[in-house]
Amino acid sequence: DTPWHVTLTMVAGVLCWSVGVIIFKEALLYFDPLIAAWGRMFFGACAFAAVFNVKLIKIARQVKREHWYVYLFTGFCEPCLYILFLSFGMKYTTVAQTAVITACLPIVATLAAWVFIKEKPGRFALPGFAIAVAAIAALNFTATASAYAPNPVLGNCLLILAILCSAGYYTTLRRFPMPYPLMFSAVVQAFMGSIFIIPIILLTGTPLPAAWPVWPTAMLVLSGVVTTFIVYTLVNVCIPKMPMARLTAMINLVPVFTIALGLLVMGETLTTL
């Protein structure tokens, strides 16, 4: 059984995750998705460097070559590919639909764990997967464009790709647990993400913002600190200490918290579906 303090840690991580979705959506209303993705990773990396500084260098020197391969692969899955798909997906769809699609992560990750690391899913996993697929199809079929969500179908498809990348990240860390402090994985993710996006910005010719208004910039900084620093730290602490099915099932709280925040903070409304 999972100790109660691990469960509370995961709940705290999920709550911060939901708050981070709202903050990041606010930043995307002003910044280009690539700039916003880089800022989210960069400011998260700065937070890690400020808090752990010298400890990071000492730990990095102890990491074996084969373990670096695991870190690099998980970092490539999330945040590198994940943040790209997430940023563009959220640019084109709503917070509420983002939350609903995020709810598919537990099912996808559970099935991935079943295939790759032989963790047998519960009897509700396959019916849950069918419901999740049907829900996404229904969302795309009924989605309508607006100034706030200009292309929800495209946005939802990009979010699905983000979820697949995230499932690869969780499954790999469960398959290859690292003998190093748990926060180090989050540090690698933050630094990889901030470096990975720079050449993409240069190659695509994405223009830098002409100005950095206080409110959008503050949201970008908060997104990095809350989503990259706090969430990755809390979730990475829980990954080795909880079964995959329970860990990912708790992520079902993300849409609950996020939809509630979307209604209260962003002024979104829910359709009957």
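This is a predicted model, so every value here is computed, not measured. The basis for the numbers below is simple: all heavy atoms, side chains too, and nothing from hydrogens, waters or symmetry mates.
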Taking side chain as C-beta onward, heavy atoms only, is [X] less than 4.5 Å from [Y]?
X	Y	value
Met219	Phe24	no
Met192	Cys80	yes
Leu28	Pro33	yes
Val70	Glu66	no
Phe85	Ile160	no
Met41	Pro79	yes
Phe76	Phe196	yes
Cys77	Thr172	no

Nearest 0.5 Å please: distance from the [atom1] atom of [X] over to the [atom2] atom of [Y].
X	Y	atom1	atom2	value
Ile22	Trp17	CD1	CH2	14.0 Å
Gln189	Ser194	CD	OG	12.0 Å
Leu263	Ile259	CG	CD1	7.5 Å
Leu84	Ile200	CG	CD1	4.5 Å
Thr206	Ile201	OG1	CD1	6.0 Å

Can you name the nearest heavy-atom pair linking [X] to [Y], along with the distance?
X	Y	value
Ala49	Leu56	CA-CD1, 4.2 Å
Gly13	Val231	O-CG2, 3.7 Å
Ala109	Thr171	O-OG1, 4.0 Å
Lys118	Val115	NZ-O, 3.5 Å
Trp68	Ala60	CZ2-O, 3.8 Å

Side-chain heavy atoms under 4.5 angstrom apart, residues restricted to Ile, Leu, Val, Met, Phe, Trp, Tyr: same cluster for [X] and [Y]?
X	Y	answer
Ile195	Leu86	no
Val214	Leu222	no
Leu164	Phe116	no
Val256	Val226	no
Leu208	Phe43	yes

Under 6.0 Å from the OH atom of Tyr180, do we count more than 12 heavy atoms belonging to anything else shown?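 Enclosed: over 12 neighbouring heavy atoms sit under 6.0 Å from OH of Tyr180.
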
Flag the pair Phe184 / Tyr71 as yes when their ring centroid distance falls below 6.0 Å, and as no otherwise. yes

Between Phe31 and Trp212, is the gap from one ring center to the other below 6.0 Å?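 Between Phe31 and Trp212, the centre distance is under 6.0 Å.
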
Does anything in residues 162-181 form a salt bridge (Lys or Arg N to Asp or Glu O under 4.0 Å)? List the pairs, not counting sequence neighbours. Glu119-Arg174

For residues 201-221, which residue pairs qualify under salt bridge (Lys or Arg N to Asp or Glu O under 4.0 Å), counting only residues two or more places apart or in two chains? none

Provide the full list of side chain to side chain donor-acceptor pair (under 3.5 Å) pairs with a residue in residues 73-99, sequence neighbours left out, each pair given once. Glu78-Ser166, Glu78-Tyr232, Thr93-Asn156, Gln97-Asn156

Apply the test side chain to side chain contact (heavy atoms under 4.5 Å, CB included) to residues Ile230 and Leu234: give CA-CA distance (whole Å), side-chain angles for both, the deciding distance (0.1 Å), then the verdict. CA-CA 6 Å; Ile230 297 178; Leu234 295 177; 3.8 Å; yes

Can you spot which of Phe229, Phe42, Phe191 makes a ring-ring contact (aromatic ring centres under 6.0 Å, His included) with Phe48?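 Filter result, single survivor: Phe229.
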
